[in-house]
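Counting starts at 1 for both ligands and their atoms, following the listed order.
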Amino acid sequence: MSDLFEKISGCLLEREAGKIQGLVKQALDAGLAPKDILNKGLLAGMSEVGVLFKEGELFVPEVLLAAKTMALGMETLGPELKDGEAPKKGKVVLATVKGDLHDIGIKLVGLMLEGAGYEVINMGLDVPPETIVKAVAGHQPKILGLCALLTTTLGAMKDSMEALREAGLYNNVKVIVGGAVVTDNYAKDIGAHYAADAVRAVDLADQLAGA
Ligand code: B1M
């Protein structure tokens, strides 16, 4: 069984986009838990890709292919991560902040929130503060979720918070922030709440939305 987890993470490392959906399906058919397939297969592989990227063993085009492989895997796994018909808990707007092109983590957060019963509006990546403000004004979500993966885009997260304040919307919405470079202290500094991963983002959303 663990063999399948290794095959899935290996598939990401080798960027075999054409094989990943078959492997995820095989793991599901074998009765492996979707959360294990995610954590021990897809995320384990992606984390190894990150290490090789940092060490200079992999380059941007290869990481992009790995990300595409991951996205295809998530497409197959996504519906299985949702626990049937959850009660509707309200709207959440999500965005990766301006200048940041990483969207795998925020998509995962979105999937888990949807599975927990939230209506998710994902604005995508590289979203400027003014677009975030417009989305909050228009959708009036209970929760706004912001993601940053780069040290250089943390400032854009802060700018987004400031834009919310300037528009008088800060008190209308609870803000959750996350992503590899975000810390609890940083979140507090900019007036937001921090979640380290997608599961914790759902718990925090429930707490903040009173769901
Ligand atoms: Co980039 N990249 N990347 N990259 N990339 C990192 C982030 C990096 C850590 C790699 C490294 O050096 N080890 C490094 C950042 C270093 C830093 O700033 N401290 C880095 C760099 C440097 C870069 C470039 C600058 C490289 C270059 O061009 N020279 C460049 C920047 C482009 C840009 O954004 N402007 C770049 C580009 C890319 C690709 C486009 C090739 C690709 C992204 C493709 C895509 O997303 N569509 C990419 C990838 C894939 C990575 C790594 C390898 C993997 C990221 C990922 O998807 N992880 C990454 C290394 C790493 O993180 N270990 C790396 C899987 C995902 C599920 O995890 O997003 O962390 P993550 O989400 C987690 C939590 O963080 C949390 O929940 C998720 C898990 O449950 N979370 C939230 C995320 N969002 C949340 C929101 C919440 C709550 C929790 O509330 C709302």
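With hydrogens left out, the protein atom closest to atom 44 (C) of ligand 1 is A67 CB, 3.7 Å, a heavy atom. Among protein heavy atoms, the minimum distance from atom 74 (C) of ligand 1 is reached at A196 O, 3.6 Å. Ranking protein heavy atoms by distance to atom 72 (O) of ligand 1, first place goes to G105 CA, 3.4 Å. For atom 11 (C) of ligand 1, the closest non-hydrogen atom on the protein side is K54 CB, 4.1 Å. In terms of protein heavy atoms, atom 88 (C) of ligand 1 is closest to A195 O, 3.4 Å. Closest protein heavy atom to atom 58 (N) of ligand 1: M46 CG, 3.9 Å. From the protein, the heavy atom lying nearest to atom 90 (O) of ligand 1 is I176 CG2, 3.5 Å. Distance from atom 80 (O) of ligand 1 to its nearest protein heavy atom, with residue and atom name: A198 N, 2.9 Å.
For a threshold of 3.5 Å applied to N or O pairs, the pair formed by G145 and ligand 1 contains no separation below that value. On a distance-only criterion, M70 and ligand 1 share no N/O pair closer than 3.5 Å. Between D103 and ligand 1, at least one pair of N/O atoms sits closer than 3.5 Å.
Following chains of ILVMFWY side-chain contacts shorter than 4.5 Å, one cannot reach L125 starting from L150, and the two form parts of different hydrophobic clusters. Following chains of ILVMFWY side-chain contacts shorter than 4.5 Å, one can reach L43 starting from M74, so the two form part of one hydrophobic cluster. L149 and L42 fall into different hydrophobic clusters, defined by Ile, Leu, Val, Met, Phe, Trp and Tyr side-chain heavy atoms under 4.5 Å apart, directly or through other members.
For G99, the closest heavy-atom approach to ligand 1 falls below 4.0 Å. Contact analysis leaves A71 out of contact with ligand 1, as no non-hydrogen atom separation drops below 4.0 angstrom.
K107 has its side chain out of reach of L111: every pair of non-hydrogen atoms, C-beta onward, lies at least 4.5 Å apart. A 4.5 Å side-chain heavy-atom check between L81 and K35 finds at least one atom pair inside the cut-off.
Interatomic distance, CD of E80 versus NZ of K25, reported as 9.0 Å (0.5 Å rounding).
The 12-atom threshold is exceeded at NZ of K91, counting heavy atoms of other residues, nucleotides or ligands nearer than 6.0 Å.
For atom 26 (C) of ligand 1, the nearest protein heavy atom is under 4.0 Å away. The presence of a protein heavy atom under 4.0 Å from atom 52 (C) of ligand 1 is ruled out. Distance remark: protein heavy atom present below 4.0 angstrom from atom 65 (C) of ligand 1.
Those atoms of ligand 1 with a heavy atom of D100 less than 4.0 angstrom away are 34 (O). Of all atoms in ligand 1, numbered sequentially from 1 with element shown, those under 4.0 Å from a heavy atom of V109 are 82 (C), 85 (C), 86 (C), 89 (C). Atoms of ligand 1 lying under 4.0 Å from at least one heavy atom of V181, given by number and element, are 19 (N).
M157 belongs to a hydrophobic cluster whose other members, connected by ILVMFWY side-chain contacts under 4.5 Å either directly or through intermediates, are V93, V97, I121, M123, V127, I132, V133, V136, L144, L146, L154, M161, L164, L169, Y170, V173, V175, V177, V181, V182, Y186, I190, Y194.
Contacts between L43 and ligand 1 below 4.0 angstrom, taking non-hydrogen atoms only, involve the side chain exclusively. Counting heavy atoms under 4.0 Å from ligand 1, residue T151 touches it through both backbone and side chain.
Distances shorter than 2.8 Å separate atom 1 (Co) of ligand 1 from the protein N/O/S atoms H102 NE2.
Residues H193 and A187 come closest through the heavy atom pair C-CB, 4.1 Å. A pairwise comparison of heavy atoms in S9 and A44 identifies CB-C, 4.3 Å as the closest pair. I106 and C147 make their closest contact through CD1-CB, 3.6 Å (heavy atoms, listed as atom of the first residue, atom of the second, distance).
Applying the side chain to side chain contact (heavy atoms under 4.5 Å, CB included) test to D36 and every residue at least two apart in sequence or in another chain returns F5, A33, K40. For E14, the side chain to side chain contact (heavy atoms under 4.5 Å, CB included) partners are E16, not counting sequence neighbours.
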Legend entry - Stepwise salt bridge (Lys or Arg N to Asp or Glu O under 4.0 Å) check, D126 with K98: CA-CA 4 Å; D126 191 16; K98 186 177 177 185; over 6 Å; no

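Of the residues I176, V109, V92, L113, the one that meets the side chain to side chain contact (heavy atoms under 4.5 Å, CB included) test with V202 is L113.
For R200 and D197, the salt-bridge test passes: some basic side-chain N is under 4.0 Å from an acidic carboxylate O.
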